[in-house]
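All remarks here apply to the structure that follows.
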Amino acid sequence: MQQASLPQYDEMFRPDGTVRAAYAEFFDWYEKQDRGWLRNQDKEAEGFFRRTGITFNVYSESDAEERLIPFDMIPRIISAREWRRLTRGIEQRVRALNAFLHDLYHRQEIVRSGRLPVEMLRDNAAFLPQMIGFTPPGAIYTHIVGIDLVRTGPDEFMVLEDNARTPSGVSYMLENRETMMAMFPELFTRIPVRPVSNYPVHLARSLGACAPDCAEGTPRLAVLTPGIYNSAYFEHAFLADQMGAELVEASDLRVVDGRVAMRCTTGYHPIDVLYRRVDDDYLDPLSFKPDSVLGVPGIMDVYRAGRITISNAPGTGIADDKALYSYMPDIVQFYTGEQPLLPNVPTWRCMEAESLKYVLDNLADLVVKEVHGSGGYGMLIGPAASKKELAAFEAKLRANPHNYIAQPTLALSTVPIFTKAGLAPRHVDLRPFVLVSPEGIDVTPGGLTRVALQKGSLVVNSSQGGGTKDSWVLED
Amino acid sequence: MLGRAAQGVYWMSRYLERAENTARLLNVGLRIALTRGADAAQEDEWRSVLVTTGQDTLYRAHYADYDSAQAVNFILRDKANPASVLRMIESARTNARMVRTSITSEVWESTNECWMQLSEALSRPVRPSNLGEALAAVRRQTTQVRGAIEGTMLRNEVFNFSRIGTFVERADNTARILDVKYYVLLPSLAWVGSSLDNAQWETLLRSVGGDRVYRWLNKGSMDASGIASFLILGVQFPRSLIFCLNKIMSNMNGLALEYGGETPSQALVRGSCMALRETSIEQVFEQGLHEFLLQFIANIARIDTAISADYRFVE
């Protein structure tokens, strides 16, 4: 899809071709490197990822295969000043998300105040009645958050999406850095890049701090994975390994003496904190999906009795539901009493008659998304669509307006990627990772930069051919 | 340690060992095919390899004759064969992937590399001229994994389960090779003890990588009883039945020490080990070698089942 007409903000080069300050040192180094050698390093990076097994599984065709997410070796660099601003905005947003979740499962003040229509909760599968009236340790619902940001100008960052249930991609943040340090160690002595490698230590500490009162000694952590065929299995194993936690599947767990325990070679041993990487539906067949054989029967009872901490809390998905996204500025304002530091992307709710009319009138200029879709599937990118596609989508919109939201087509910022012909600008987004515990909010300096590898493309999802970059935050 | 992880480490090691032993068997078949022209001998050889690996019935369901290239490809990589070497390597790697948090990154990477290299090497039918190299690659890659385990793993429960898997598989494989090969070579029991054609006996020893070491120990004399004794009771030979049982026992002792208690499977292993230590080769032949080996193989299967139950491999 071509968007050449939109003015784009390139993060490395100014419009006159000079290099921005954050990239000056890197560019100076880059210019001095032999191109043939760089191309060779580029190939080696792929070999490294293959050998270590950093793959994700794709099931699009009949064969499940393991694919690599392409890695681009030009880093995405964020200045200390930009990062400070971002951090404040992210912390505010995460505070609001947790306060919002607590309110939704208790007094629902935000609904009473009329700021959020009750329809947003009614019939929403992400809202779990089982959580009503229950407060998890420290009143923390989302312990691990990924906030997707896009940029349109020097100081214009916007939140595209909140990932409050089970954000993935943090292992790529860590492995991308490892790869860069292995390939170009001299860069890290020249340029003061803030480290990200202690993320797993912080994660373990953060989860440990949320352990239930019945935990004895060092809290016992386990990562719950759907298994080796899950697309993010590598990440589950990686994080468990780095934290020194057990990597468990539901079949390893059962409720024993009022605790959730894992089947070890010497018997069942209780778990204090479960970092689950499975959906709510697959947690407990007794509570959620009676026909399911997946999950741990009775785990919700143990959870509600305060004898295990589940991270992120069940029912957290309501906070990153696309239908609720457009209310986030109100939500931030309602719970923090402050104006949002990070704006949303302007969003029209098609269920509102006036908005629907605007969206239909301007369909060719807008991006329309399904409320419950993810991964870049089922969306319309107006400027890239044919007349026929527009007409087909219009019919879908009229038939079921509740299912859609619309946003303007943004001129996403670009960062160059390394190609055979040299540097070439490509659109990017950024997912910083945030840890929340009773001790505070910890934003890891960096994150996952996803990059659309096709010229002009705005779709950065790895399931749609996007790649990743190492993301650098510079020291002051 | 999770029971499922113990199971994964155990089976990862079993599959690697089985792949390696199968490659050795194929290597012997290859030598026979190269040294002797007679079709009948080749056919016998490939059939004995298929019988040893338990794949003969399935093979005959698909193919009418024991053509070399056909048999080799069936055992190595045929999609119709769920127990092909390639599938064993895949299974080893799948298990390693499942227990990634229990093994060192060097063990994982060498297993992954093993799978990547052999998937590539076996992605197309292997021609006779390339077979030697393909089999050497299997041995080299599996040896590398063993080296990584030996060189980087903590000497704890994980290591013990891995070693137990290796030696349970090896004990089973050596017993099967001995059983099948011995009878191919020795149609009549009356021949036991008589001097035989050295070249034939060498193939049996070569199948378990023991031809040269046997000669060092026996100064070149080859007789059926000596060879059987070497493969069953040779305490120095790392593929003999007694050696494997001794190893299983010492690794089970390691587990008991770490867990602070004995298990029924451990008692079973000790019983088998002690009994074999007190057995002479004459007693083996008295009982009948074939009967002895059948009993041994069944015993190994019992040990496998007991270990799986004692250490909660499954719910």
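Below, read A as the first sequence line, B as the second, and so on, with proteins coming before strands; counting in each chain starts at 1.
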Worksheet entry | Structural part of Glu157(B) lying under 4.5 Å from a heavy atom of chain A | side chain
Worksheet item: Is atom CZ of Arg127(B) surrounded by more than 12 heavy atoms (other residues, nucleotides or ligands) closer than 6.0 Å?
Response: no
Worksheet entry | Heavy-atom contact with chain A under 4.5 Å, split by part of Phe161(B) | side chain
Worksheet item: Quick one: what part of Thr94(B) sits under 4.5 Å from any heavy atom of chain A, side chain, backbone, both or neither?
Response: both
Practice prompt. Assess whether salt bridge (charged side-chain N to carboxylate O under 4.0 Å, His left out) is satisfied between Glu17(B) and Arg239(B), documenting all intermediate values.
Written response: CA-CA 11 Å; Glu17(B) 181 67 25; Arg239(B) 313 194 92 80; 2.7 Å; yes
Discussion item. Counting only non-hydrogen atoms closer than 4.5 Å, does Gln242(A) touch chain B with its backbone (N, CA, C, O), its side chain (CB onward), both, or neither?
Written reply: neither
Worksheet entry | Least distance between heavy atoms, Val126(B) atom then Asn73(B) atom | N-OD1, 2.9 Å
Discussion item. So for Met98(B), is it side chain, backbone, both, or neither that comes closer than 4.5 Å to the heavy atoms of chain A?
Written reply: both
Worksheet entry | Residue selection (most heavy-atom pairs with chain A, distance under 4.5 Å) from Glu315(B), Met1(B), Arg312(B) | Arg312(B)
Worksheet item: In this structure, which one of Thr309(A), Leu274(A), Val273(A) forms a side chain to side chain contact (heavy atoms under 4.5 Å, CB included) with Leu207(A)?
Response: Val273(A)
Worksheet item: What part of Val223(A) is in contact with chain B, defined as an atom under 4.5 angstrom from a non-hydrogen atom: side chain, backbone, both or neither?
Response: neither
Fill in: Neighbour count above 12 (heavy atom, 6.0 Å) for Glu90(B) CD
yes
Discussion item. Against Ser265(B), only a single residue in Asp310(B), Thr305(B), Asp304(B) fulfils side chain to side chain donor-acceptor pair (under 3.5 Å); can you say which?
Written reply: Asp310(B)
